[in-house]
Amino acid sequence: MTAGTQDELKTKLRKKFSAHEVGEMCCLGRCHENAAFHVNGTNYSGTDIDSIDSICKKEYSTAEKYNVGNMGSPILTNTHAPFDDYYKIFVKVLQTDPLQCLAELKDSGLRGRGGAGFSLAFKLESCRNVEDDMKFIVCNADEGDPGAYSDRYVMEQRPHALLMGMMIAGYITGASVGVVYIRGEYPESVKIISDAIAKLHAHNFLGKNILGSNFNFDFKVIKAQGAYICGEETALLSSLEGQRPEVRVRPPYPTQKGLFNKPTVVNNVETLANLPFIMRNGGKAYSSIGTPKSTGTKLISLDGHFNKPGIYEADMGTPLRVIIDKLGGGFKHPVKAMHIGGPLGGLVPVSKIDDLTLDFDSFAKEGFLLGHASVVCIPEDYPLIDYLEHLFRFTAHESCGKCFPCRLGSTRGYEMIDKARTSDYKMDRELMDDLLETLETGSLCALGGGLPLPVKNALKYFDAELAPYFKK
Amino acid sequence: MGKTAFINDQLFEIKDGETILSFVRRHIGKDIVPTLCDAPNLDPFGACRVCSVDVALVKDGPAKAQASCHTPVMAGSFIYTDSERIKRLRKNIIELVLTDHPLDCLTCEVNNNCELQTVAANVGIRDVRYPDGKNHLDKKKDLSHPYMTSDFSKCINCGRCVRACDEVQGEMVLSMAGRGFDSYIVKSYNDTFSESDCVSCGACAQACPTSAISDVFESKSVVADKK
Ligand SMILES: Cc1cc2nc3c(=O)[nH]c(=O)nc-3n(C[C@H](O)[C@H](O)[C@H](O)COP(=O)(O)O)c2cc1C
Ligand code: SF4
Ligand code: SF4
Ligand code: SF4
Ligand code: FES
């Protein structure tokens with residue numbers, strides 16, 4: 001069951017299961033519906049709970065529905081060609097010089113969709129330039145951001161866009177193994193991706209000397225049993241090696257020494273799924289969509305506070321207001337802020353909506369973060385101090401424990417806020433500022449380093465609401 | 001001159017592939033930049049972050065705090081070893097460390113020979129401002145072994161012992177378990193030293209910056225040193 005939700009759901013489940021059989025799980029990627037739960041390897045949500053009897057008899061499959069929509073020039077959500085036609089893109093790639101493919105990718109300006117917005121062409125090129133007979137393409141499908149389910153959409157609805165994307169990345173870099181690291185909470189994705197790989201085998205698109213070329217490639221699907229931090233690329237690699245998911249120092253970068261010390265490219269699902277479009281239409285066609293510095297489209301996950309929750313695709317640069325009103329159908333009830341881009345993204349007050357467009361630069365300029373573009377609403381009547389307590393608690397719980405600022409600071413911040421929330425203790429603003437600065441400038445990775453952003457946004461835009469918790 | 005970079009606006013020559021820490025130590029002295037998780041002969045780990053320095057690409061340009069022990073020097077960069085911001089960062093990190101450390105230096109075995117104590121004094125900690133919270137102060141000592149002892153209430157999770165056991169001794173007896181605030185050092189399968197596969201080489205005790213792991217024959221006590 002999804003953590004911290006729904007007593008009603010628990011009561012209904014308890015009718016079928018004993019207390020020790022009902023537990024709590026992390027985000028199941030069902031943010032668009034409430035009442036998410038998980039029975040014997042399958043996820044359910046929404047009204048599924050009312051069919052709990054047939055679920056237990058394995059007669060029922062989820063009636064999950066979410067809206068999918070788009071505007072502008074959709075790349076991922078529009079209908080894709082049937083299998084044979086679609087893979088003509090790959091057949092053509094195999095007849096093209098990898099350097100030419102790389103040049104198209106450079107022209108496309110495609111930036112990583114997993115959070116940091118790093119150039120994909122740059123990563124592939126640096127991996128390509130390292131000599132090694134073993135290289136890996138790792139797809140980060142750990143989608144841990146609460147509120148994000150767009151990677152799940154791609155894996156379940158557009159599995160071949162992702163798989164072909166990884167094959168193209170392999171062709172460009174000279175990697176022969178593609179690893180899809182899928183979070184354990186997404187069993188349907190694991191199944192659909194595995195079936196799609198089997199289909200590729202059946203069509204001889206995988207293996208040695210694919211279609212008579214000198215390109216070798218095959219896939220491995222890993223069902224991750226990890227924590228949120230396993231989505232951080234170096235912790236992900238440690239986890240793949242069977243070690244404790246601890247963040248590593250960089251350099252060496254994964255493209256130099258990644259999985260098992262071999263050159264490795266780690267990319268997000270959505271990033272890789274854009275490759276087939278670029279190979280078919282050319283880099284310039286891609287960069288003509290969006291803004292000069294944030295090219296292409298972006299998937300957006302809207303949560304259940306919108307009238308039309310769902311997965312939407314819009315051109316980079318689309319005004320945020322248009323996304324909220326036209327795609328999301330507006331808010332269902334009064335909302336005071338939106339947490340955009342995951343737990344480490346910014347807290348956007350509704351007063352800033354008209355200043356933002358959907359792209360990396362607009363968000364950065366206004367002091368927020370586009371991240372993975374998941375949108376989680378904070379209702380008008382939800383106390384922000386509770387939200388801050390939750391953010392610190394989340395970070396403290398998910399911290400890998402390696403670096404001092406995050407291991408100690410996230411827990412101390414949580415304790416301080418909790419104390420102020422539940423007693424007459426007042427926080428010292430200077431101490432809070434020192435803590436945020438320490439996390440932001442000192443942390444080894446973006447978990448500890450990213451927490452201060454939403455907290456600072458809250459302190460800035462909801463100063464009056466939070467003032468009573470601080471010393472005067 | 002070959003490749004160069006600036007330390008506090010003075011120009012120095014870089015050795016190929018060296019870290020900012022070794023560059024600074026070579027040219028302007030060993031005690032300029034404090035460290036806790038770094039140790040000679042061990043791979044850089046990047047945990048404590050007190051070795052951070054400011055690095056700018058142009059003079060007086062925007063600077064980024066970078067951990068000097070694992071960041072290579074970039075030719076032409078401007079390194080500032082103790083800007084106000086960096087001094088604040090180091091002090092605030094040590095303050096956090098002291099929220100989970102017994103404040104009993106005077107009776108501690110390694111009093112006056114403790115890296116944490118030295119760094120704390122150098123960064124100028126006056127008090128710990130955080131309210132009391134969870135901690136590891138009641139961790140039991142492990143006195144099961146004739147030579148090796150541990151008192152993990154003194155442990156600062158720097159991971160030096162783990163790397164020493166692995167990289168120096170090739171034993172991998174010690175490892176870090178758990179996560180976040182609850183991470184802790186385990187010996188083999190969470191045993192005591194006597195039940196673990198420890199070969200009593202003492203490498204971990206030598207690497208430990210505090211008195212969290214000790215070797216009875218190689219006490220780091222200052223009194224013992226003088227004998
Ligand atoms: C705490 C943390 C969690 C992360 N989780 C994810 C994730 O679930 N999925 C993802 O693609 N990237 C995640 N990232 C970002 C990855 O480290 C990495 O930047 C990304 O996979 C690179 O792919 P891209 O360039 O295609 O975005 C996370 C980063 C951090 C610090
Ligand atoms: S910031 Fe947190 S999660 Fe990242 S390395 Fe440091 S302790 Fe680990
Ligand atoms: S004394 Fe034991 S635990 Fe310590 S480094 Fe040697 S073998 Fe490892
Ligand atoms: S026992 Fe010593 S060396 Fe090991 S992590 Fe703790 S403080 Fe560091
Ligand atoms: S000495 Fe550099 S991070 Fe600890």
Side-chain angles (χ1 to χ4, degrees), chain A residues 226-230 234-235 243-252 393-420 423 425-428 430-445 447-449 471, chain B residues 17 19 36-38 43-54 63-67 69-72 83 85-86 88-101 116 127-136 156-159 162 175-184 186:
Chain A
Y228 181 67
I229 195 62
C230 293
T234 62
Q243 299 177 33
R244 180 178 129 92
E246 193 175 78
V247 174
R248 304 175 180 178
V249 296
R250 275 162 288 215
R393 184 153 46 97
F394 177 85
T395 309
H397 181 69
E398 300 299 343
S399 164
C400 81
K402 181 168 179 176
C403 77
F404 291 19
C406 168
R407 173 174 57 86
L408 298 159
S410 55
T411 291
R412 294 297 174 239
Y414 160 68
E415 289 168 347
M416 206 160 51
I417 294 174
D418 192 46
K419 192 166 178 179
S423 74
Y425 170 79
K426 302 284 176 219
M427 288 184 279
D428 177 20
E430 190 180 301
L431 178 58
M432 176 57 84
D433 289 344
D434 278 352
L435 174 62
L436 294 173
E437 186 188 40
T438 305
L439 283 164
E440 192 168 71
T441 53
S443 296
L444 172 60
C445 89
L447 181 62
K471 279 186 209 146
Chain B
T19 61
L36 278 174
C37 69
D38 188 70
D43 287 346
F45 192 56
C48 74
R49 321 305 288 169
V50 296
C51 68
S52 297
V53 295
D54 259 329
K64 202 171 170 243
Q66 297 200 299
C69 69
H70 66 82
T71 310
S83 62
R85 174 171 89 142
I86 290 296
R88 219 166 38 235
L89 175 64
R90 290 178 188 147
K91 192 167 147 181
N92 287 329
I93 293 172
I94 299 300
E95 180 181 4
L96 281 169
V97 173
L98 297 182
T99 62
D100 190 19
H101 198 81
L116 177 60
D127 53 353
V128 172
R129 296 167 291 170
Y130 293 94
D132 287 344
K134 71 173 172 173
N135 57 63
H136 299 87
I156 61 169
N157 290 46
C158 67
V162 176
S175 59
M176 190 71 81
R179 70 192 214 190
F181 191 85
D182 303 324
S183 315
Y184 60 103
V186 294

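In what follows, every chain begins at residue 1, and chains take the letters A, B, ... in the order their sequences are listed.
- Taking the side chain as every heavy atom from C-beta outward, A:Phe404 and B:Val97 approach each other to under 4.5 Å.
- No more than 12 heavy atoms of other residues, nucleotides or ligands lie within 6.0 Å of NZ in B:Lys64, so this atom counts as exposed by the packing criterion.
- In this structure, chain A has no heavy atom under 4.5 Å from any part of B:Cys37.
- Only the backbone of A:Ser443 comes within contact range of chain B, with heavy atoms under 4.5 Å apart.
- Annotation: side chain of B:Ser183 is not in contact with side chain of A:Glu246 (no heavy-atom distance under 4.5 Å).
- For B:His70 and A:Arg250, the side-chain atoms include no donor-acceptor pair closer than 3.5 Å.
- Across B:Ala65, B:Ser52, B:Cys48, B:Gly133, the residue that shares the most heavy-atom pairs under 4.5 angstrom with chain A is B:Cys48.
- A heavy-atom distance below 4.5 Å is not found between the side chains of B:Arg88 and A:Thr441.
- Interatomic distance, SG of A:Cys400 versus CE of B:Met176, reported as 9.5 Å (0.5 Å rounding).
- Interface residue B:Arg129: backbone and side-chain heavy atoms are both found under 4.5 Å from chain A.
- Note: A:Pro251 leads A:Pro251, A:Pro245, A:Ala396 in heavy-atom pairs under 4.5 Å with chain B.
- With B:Tyr130 as the fixed residue, the side-chain contact (heavy atoms from CB on, under 4.5 Å) test singles out one of A:Lys419, A:Met416, A:Glu415: A:Met416.
- For A:Ile229, no part lies under 4.5 angstrom from a heavy atom of chain B.
- Looking at every heavy atom in both residues, A:Pro405 comes nearest to B:Ala47 through CD-O, 4.2 Å.
- Residue A:Tyr414 does not touch chain B at all, counting heavy-atom pairs closer than 4.5 Å.
- Every residue two or more places apart in sequence or in another chain that forms a salt bridge (Lys or Arg N to Asp or Glu O under 4.0 Å) with B:Asp182 is listed here: B:Lys134.
- Of the residues considered (B:Ile156, B:Thr71, B:Asp100, B:Ile86), B:Ile156 shows the highest number of contacts with chain A, using heavy-atom pairs under 4.5 Å.
- A donor-acceptor pair is defined here as one N or O able to donate and one able to accept, closer than 3.5 Å; such a pair exists between the side chain of A:Arg412 and the backbone of B:Thr99.
- Interface summary for chain A: among B:Gly178, B:Pro44, B:Ser175, the most heavy-atom pairs under 4.5 angstrom belong to B:Gly178.
- In this structure, the separation between CG on B:Asn135 and CG on A:Leu408 is 11.5 Å, given to the nearest 0.5 Å.
- Partners of B:Asp54 by salt bridge (Lys or Arg N to Asp or Glu O under 4.0 Å), not counting sequence neighbours, listed by chain and number: B:Arg85.
- Looking at B:Arg179, its side chain does come within 3.5 Å of a backbone N or O of A:His397 through a donor-acceptor pair.
- Distance check: A:Asp434 CG to B:Lys91 NZ gives 8.5 Å after rounding to the nearest 0.5 Å.
- Distance check, rounded to the nearest 0.5 Å: CD of A:Glu437 to CG of B:Asn92 gives 7.0 Å.
- When heavy atoms are compared at a cutoff of 4.5 Å, A:Arg407 approaches chain B by way of both its backbone and its side chain.
- Contacts of B:Gln66 with chain A are absent, with no heavy-atom separation under 4.5 Å from either backbone or side chain.
- A:Lys402 places a side-chain N or O within 3.5 Å of a backbone atom of B:Phe45 that can act as its donor or acceptor partner.
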